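Atom set for the values below is all heavy atoms of this structure, side chains included, hydrogens, waters and symmetry mates excluded. Everything quoted here is computed from the prediction, not taken from an experiment.
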Amino acid sequence: MSKKDKAKDIKDEQANSIDTETVAVEDQADQEVVEEQTVEEKLQEELQKEKDKFLRLFAEFENYKKRTSKERIELFKTAGKEVMIELLPVLDDFERALTHIEDDKEAEELRKGVLLIYQKLLSTLEKKGLTVFEVSQGDAFNADIHTAVTQIPAPSEDLKGKIIDVIEKGYKLGDTIIRFPKVVVGQ
């Protein structure tokens, strides 16, 4: 080989090595750009996950606030539930006393006084949310809202499975039944 050929080969080798170095540098730059994009994408994904967690936590907190305020309102409505339940037998006693006093004509003043006290007690309890659970003879018996004390043969065919008599009134406090009416059902 001549010196010219050797010089040309050396120049070609140098050119090739420069080209490979340039390609290697370009590849490295591309990898850095790709790494930067993946880091940026990772940060975007993490940001999105954190936003999602925040929104879920916020929604959960809002549900908690609604639930607790609803429970608080319900608690205020039924705050005196135990007292009301304890006073129901007193109302029953007043009603029994009034039915027995009505027959005695000599105790008219006593009847008026007992009636006045009964009405005052009942109106006070009604102001606090107590209402009578209305049940009458001939209504269909529903085990969810009535308590059957006993069953008797129905006096007529149309009263089978219906309420014959109401033994004890039922009461509601707000929308909650605090005492179910006790009834006699026809067979």
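The cluster map of Ile, Leu, Val, Met, Phe, Trp and Tyr, joined by side-chain heavy atoms under 4.5 Å apart, puts Ile145 and Val149 in different clusters. Cluster annotation: Tyr171 and Leu87 are assigned to the same hydrophobic cluster (Ile/Leu/Val/Met/Phe/Trp/Tyr, side-chain heavy-atom contacts under 4.5 Å, transitive). In the hydrophobic clustering of ILVMFWY residues, with side-chain heavy atoms under 4.5 Å counting as a link, Val184 and Phe180 come out apart. Leu173 and Val83 end up in the same hydrophobic cluster when Ile, Leu, Val, Met, Phe, Trp and Tyr side chains are linked at under 4.5 Å. Cluster membership for Val132 and Val183, using ILVMFWY side-chain heavy atoms within less than 4.5 angstrom, is not shared.
Thr68 OG1 to Ile73 CD1: the interatomic distance, rounded to the nearest 0.5 Å, is 9.5 Å. In this structure, CG in Leu121 is found 11.5 Å from CG in Leu116, a value given to the nearest 0.5 Å. Separating the CZ atom in Arg72 from the NZ atom in Lys65 is a distance of 11.0 Å, to the nearest 0.5 Å. Interatomic distance, Asp139 CG to Ile164 CD1, rounded to the nearest 0.5 Å: 11.5 Å. Interatomic distance, CG of Leu98 versus CD1 of Ile117, reported as 10.0 Å (0.5 Å rounding). Between the CG atom in Asp165 and the CD1 atom in Ile152 there is a gap of 7.5 Å [rounded to 0.5 Å].
One finds a salt bridge joining Asp93 and Arg96 here, because a Lys/Arg side-chain nitrogen approaches an Asp/Glu carboxylate oxygen to under 4.0 Å. Of the charged side-chain nitrogens involved, none lies within less than 4.0 Å of a carboxylate oxygen, so that Lys49 and Glu46 do not count as a salt-bridged pair. In summary, Glu108 and Arg111 engage in a salt bridge, as defined by a charged side-chain N under 4.0 Å from a carboxylate O.
Within a 6.0 Å radius of CD in Glu62, other residues, nucleotides and ligands contribute more than 12 heavy atoms. Within a 6.0 Å sphere centred on CD of Gln187, other residues, nucleotides and ligands contribute more than 12 heavy atoms.
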Just do the side chain to side chain contact (heavy atoms under 4.5 Å, CB included) check on Leu130 and Leu88 with the steps written out, would you?
CA-CA 10 Å; Leu130 185 73; Leu88 292 181; 4.1 Å; yes
Run the numbers on Lys70 and Arg67 for side chain to side chain contact (heavy atoms under 4.5 Å, CB included), then give the verdict.
CA-CA 5 Å; Lys70 183 179 177 183; Arg67 186 176 58 246; 5.7 Å; no
Side chain to side chain contact (heavy atoms under 4.5 Å, CB included) between Val90 and Phe94, intermediate numbers included:
CA-CA 6 Å; Val90 175; Phe94 268 113; 3.9 Å; yes
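Of the candidates Arg179, Lys172, Lys128, Met84 forms a side chain to side chain contact (heavy atoms under 4.5 Å, CB included) with just one, namely Lys128.
In this structure, His146 and Phe133 have perpendicular ring planes: the angle between them is above 60°, well past the 30° mark.
Contact record, Val135 with Pro181: CG2-CG, 3.5 Å, taken as the closest heavy-atom pair. Scanning both residues, Phe141 and Thr147, for their nearest heavy atoms gives CE1-C, 4.4 Å.
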